[in-house]
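Residue numbering restarts at 1 for every chain, and letters A, B, ... go by the order of the sequence lines.
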Amino acid sequence: MKQVLTGNEAAAIAAKLARVKVISAYPITPQTAIVEKLAEFVANGELDAEFMKVESEHSAMSACIGAAAVGARAFTATSSQGLMLMSEMLYIAAGLRLPIVMANANRALSAPLNIWCDQQDSMAVRDSGWVQLYCEDNQEILDSILQAYRVAEELMLPVMVCFDGYILSHTAEPVDVPEQEEVDDFLPPYRPRHPLDPAMPVTMGPVGVPEYYQEIRYMLHEAVRAARDKIVEVDREYGKRFGRRYGLVECYRSDDAEIILLTLGSLSGTAKDLIDRSRKRGERVGLVRVRAYRPFPREVLVKALEHAKVVAVLEKDISLGWAGALFADVSCALANVEGAPLLMNFICGLGGRDVSPLQIREALRAAARAAEVGEVKRPVRWLGLREKLVGLGI
Amino acid sequence: MTAAPPGIPEEELLAPGHRACAGCGCVLAMRYLLKALGRNIVVSMATGCMEVVTTPYPETSWRVPWIHSAFENAAATAAGIAAGLKALGKKGVKSVAIAGDGGTADIGLQALSGAVERGDNVLFCCYDNEAYQNTGIQRSGATPFGAWTTTTPIGRVKRGEDRPKKDVPAIIAAHGAPYVATASVAYPLDFINKLRRAAAIEGPTYVHVHAPCVPGWRIETSKTIEVARLAVLTGAWVLYEIERGQLRVTFKPPKRRPVADYLKLQGRFRHLTEEEIAQIQRMVDEQCRRFGIE
């Protein structure tokens with residue numbers, strides 16, 4: 001049934017449809033409405049789950065770890081500083097191979113304090129062993145959370161479903177909400193393989209001595225890599241049942257494109273609009289959106305990008321002193337590819353700064369110039385920077 | 001071998017072969033805890049001595065389900081375990097959190113406070129060896145006044161720990177926890193009874209057991225129990241329980257011995273002057289007065 005839902009509502013409804021058993025919640029803007037909605041569901045008896053009102057995000061993730069370890073389907077949601085506070089536990093949740101699913105409403109990191117959107121928060125924990133999916137719209141948020149539990153429970157890995165704060169979290173749009181029975185067929189109850197159970201005691205989280213630690217990390221790495229196929233497999237099945245598929249990356253008018261914009265999240269919507277306008281003028285431009293950021297979809301991405309002359313990576317994060325994270329990763333993915341495209345990085349939209357069509361056009365123009373001359377002089381540029389404020393261009 | 005007292009199982013749920021130091025007081029506390037609580041528990045353990053010495057992969061001493069996730073979150077993990085067990089309808093399994101004094105009084109206090117305030121069905125046991133012994137004897141909030149540690153060294157201007165021990169049981173009691181108790185490894189039956197009482201209550205309960213550390217307290221390996229007992233006999237450590245707000249001292253030393261008897265067995269107090277010992281005696285006297293111990 002179609003409903004008009006904010007991204008946060010879509011996330012909460014997805015958790016409910018997934019019949020989560022334990023929710024640990026701590027408020028943080030712009031995620032808060034997710035756990036408020038879930039609290040309502042539990043209070044009204046619409047969702048049979050334990051709703052834990054924990055005292056911090058660190059405890060929120062710790063409680064999810066405890067709940068998942070005894071075999072309960074666990075859910076939490078966070079943003080920004082909350083994600084940073086729980087980052088210690090993110091690595092541990094992955095290391096313990098617990099299939100927790102978390103929604104992250106992307107928000108900038110302090111300082112200065114900023115409650116608005118960018119993707120620095122989830123980028124900062126990209127190495128934690130969590131699968132990371134970035135959504136473009138509210139429908140994708142709902143669908144991705146349902147898919148996430150399948151991926152998580154089949155591979156014993158945690159999954160983070162990321163979506164842009166405010167831009168999606170607080171914006172309402174029509175979302176097709178599947179029926180509970182359909183979801184139940186797609187997502188059966190969680191059957192843990194090695195739960196903490198007095199009937200068969202296990203020790204979880206022992207000291208990983210040097211003789212074993214590296215192998216255990218290797219196996220975790222391989223499990224995250226295996227998520228590439230698993231995401232595709234689950235997505236395919238989801239598509240058959242519900243008529244919507246997303247894949248690891250989305251290619252938009254990019255097959256014959258000379259210039260490709262590479263994006264993550266809601267920015268892609270605006271950028272697609274620009275692509276359409278440029279196409280009307282006969283420009284051979286396209287867009288590729290990375291949905292699964294961890295594991296990094298190297299093969300499909302190389303295939304999608306290799307024929308282009310220039311790939312312009314637009315992203316809302318920065319590895320300070322270097323470049324954007326996606327730019328660094330795509331550079332690495334193309335490292336040994338013969339005739340690989342030129343790469344440019346455009347840092348934009350930090351801390352809720354609007355990424356206007358004008359800025360995206362600026363990126364497209366710069367990419368076109370690079371394609372013309374066949375070289376990139378300044379690979380990392382900032383879009384929409386108020387140059388006078390930072391002492392440039394005076 | 002001496003038989004276990006009536007009501008105490010012979011069965012050992014803590015397997016031998018762990019790496020605890022000779023004479024370790026804390027590992028005794030673990031052994032007693034498992035005898036008290038039996039198999040139907042899930043243990044969430046904070047980072048610390050007991051975690052490190054009992055689970056060097058691929059070995060484990062735990063014959064009950066056990067998890068370690070981090071240092072500061074034994075209570076939060078245990079709260080999640082309790083919620084998970086409840087959500088799955090698994091009755092009769094108790095969620096037990098175990099942490100050292102650092103994982104309780106310092107870095108773990110927030111998670112513990114949260115779990116107790118929420119009324120989570122968790123039994124939290126703090127094994128208190130009065131410093132960060134696992135990392136090599138650094139002071140914690142539970143280190144007693146005057147004690148030497150590596151971060152409270154004895155120098156020309158500083159004379160060891162300059163603050164009294166943080167009173168965690170009182171903090172937990174102030175939350176309105178239905179059961180709070182102190183215990184000592186020198187009084188195992190008292191400890192076991194308290195654990196069983198705590199486990200039987202639905203809700204957050206807290207047992208704080210005093211357990212000497214041989215290398216940290218600078219004592220002989222054969223003196224663990226003697227030192228622990230002297231802490232109680234001198235009134236430096238008081239055994240009590242607070243059930244539904246009612247305080248009861250569970251063991252009153254017949255004739256309190258001078259605190260010097262307790263201090264002098266321990267190298268960590270070796271530097272103390274007569275004057276400093278007298279100051280500690282006054283602190284102990286004041287504590288005993290509050291508990292009605294003469």
Student: Of the listed residues (B:Ala76, B:Ala79, B:Pro65, B:Gly84), which shares the most heavy-atom pairs with chain A below a 4.5 Å separation?
Tutor: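 Most heavy-atom pairs within the cutoff with chain A belong to B:Pro65.
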Student: Among B:Ser44, B:Pro58, B:Ala74, which residue has the highest count of heavy-atom pairs closer than 4.5 Å to chain A?
Tutor: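 Of B:Ser44, B:Pro58, B:Ala74, B:Pro58 has the most heavy-atom pairs under 4.5 Å with chain A.
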Student: Counting heavy-atom pairs closer than 4.5 Å to chain A, which one of B:Val43, B:Asp120, B:Thr60 comes out on top?
Tutor: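 Maximum pair count with chain A is reached by B:Thr60.
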Student: Please report the interatomic distance CD1(A:Ile65) to CD1(B:Ile67), rounded to the nearest 0.5 Å.
Tutor: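 So the CD1 of A:Ile65 and the CD1 of B:Ile67 are separated by 7.0 Å.
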Student: By a 4.5 Å heavy-atom criterion (distance strictly below it), what part of A:Ala69 contacts chain B: side chain, backbone, both, or neither?
Tutor: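 For A:Ala69, side-chain heavy atoms alone lie under 4.5 Å from chain B.
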Student: Around atom CG of A:Asp48, are there more than 12 heavy atoms of other residues, nucleotides or ligands at under 6.0 Å?
Tutor: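 Open.
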Student: Do other residues, nucleotides or ligands put more than 12 heavy atoms under 6.0 Å from B:Arg196 CZ?
Tutor: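 Enclosed: over 12 neighbouring heavy atoms sit under 6.0 Å from CZ of B:Arg196.
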Student: Where do B:Ala87 and A:Lys21 come nearest, in terms of heavy atoms and distance?
Tutor: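 What the structure gives for the nearest pair is CB-O, 3.6 Å.
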Student: Do A:Asp197 and B:Lys90 come close enough that some side-chain heavy atom pair is under 4.5 Å?
Tutor: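 Yes, close enough: below the 4.5 Å cut-off.
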Student: Are the side chains of B:Gln110 and A:Glu55 in touch, meaning some heavy atoms are under 4.5 Å apart?
Tutor: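 Yes, their side chains come closer than 4.5 Å.
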Student: Using a 4.5 angstrom heavy-atom cutoff, name the option from B:Met45, B:Arg63, B:Glu72 with the most pairs to chain A.
Tutor: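 Top count of heavy-atom pairs under 4.5 Å with chain A: B:Glu72.
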Student: Between A:Ala72, A:Gly205, A:Ser62, which residue shows the highest count of heavy-atom pairs closer than 4.5 Å to chain B?
Tutor: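 That would be A:Ser62.
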Student: Nearest 0.5 Å, please: how far is CH2 in B:Trp66 from OG1 in A:Thr203?
Tutor: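 Spacing of OG1 (A:Thr203) from CH2 (B:Trp66) equals 6.5 Å.
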Student: Would you call A:Met89 and B:Asn73 a side-chain contact if the rule is heavy atoms closer than 4.5 Å?
Tutor: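 Heavy-atom side-chain distance check passes, below 4.5 Å.
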Student: In terms of heavy-atom pairs under 4.5 Å, which option from B:Val42, B:Leu85, B:Leu88 contacts chain A the most?
Tutor: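 Between B:Val42, B:Leu85, B:Leu88, the count favours B:Leu88.
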Student: Above 12 or not: heavy atoms from other molecules or residues under 6.0 Å from CD of A:Gln214?
Tutor: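 Counting other residues, nucleotides and ligands, CD of A:Gln214 stays at 12 neighbours or fewer.
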Student: Between atom CE of A:Met61 and atom OG of B:Ser69, what is the distance when rounded to the nearest 0.5 Å?
Tutor: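 Between A:Met61 CE and B:Ser69 OG, I get 11.0 Å after rounding to 0.5 Å.
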Student: Evaluate the side-chain proximity of A:Val207 to B:Tyr57: yes if any heavy-atom separation is below 4.5 Å, no if none is.
Tutor: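 The answer is no, as the side chains (C-beta and beyond) never meet within the 4.5 Å cut-off.
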Student: What are the two closest non-hydrogen atoms of A:Pro206 and B:Thr55, and how far apart are they?
Tutor: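 The answer is CB-O, 3.3 Å.
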Student: What residue in A:Val54, A:Val209, A:Leu96 has the most heavy-atom pairs under 4.5 Å with chain B?
Tutor: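 Among A:Val54, A:Val209, A:Leu96, the one with the most close pairs to chain B is A:Val54.
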Student: Between B:Lys86, B:Glu59, B:Arg39, which residue shows the highest count of heavy-atom pairs closer than 4.5 Å to chain A?
Tutor: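 Of B:Lys86, B:Glu59, B:Arg39, B:Lys86 has the most heavy-atom pairs under 4.5 Å with chain A.
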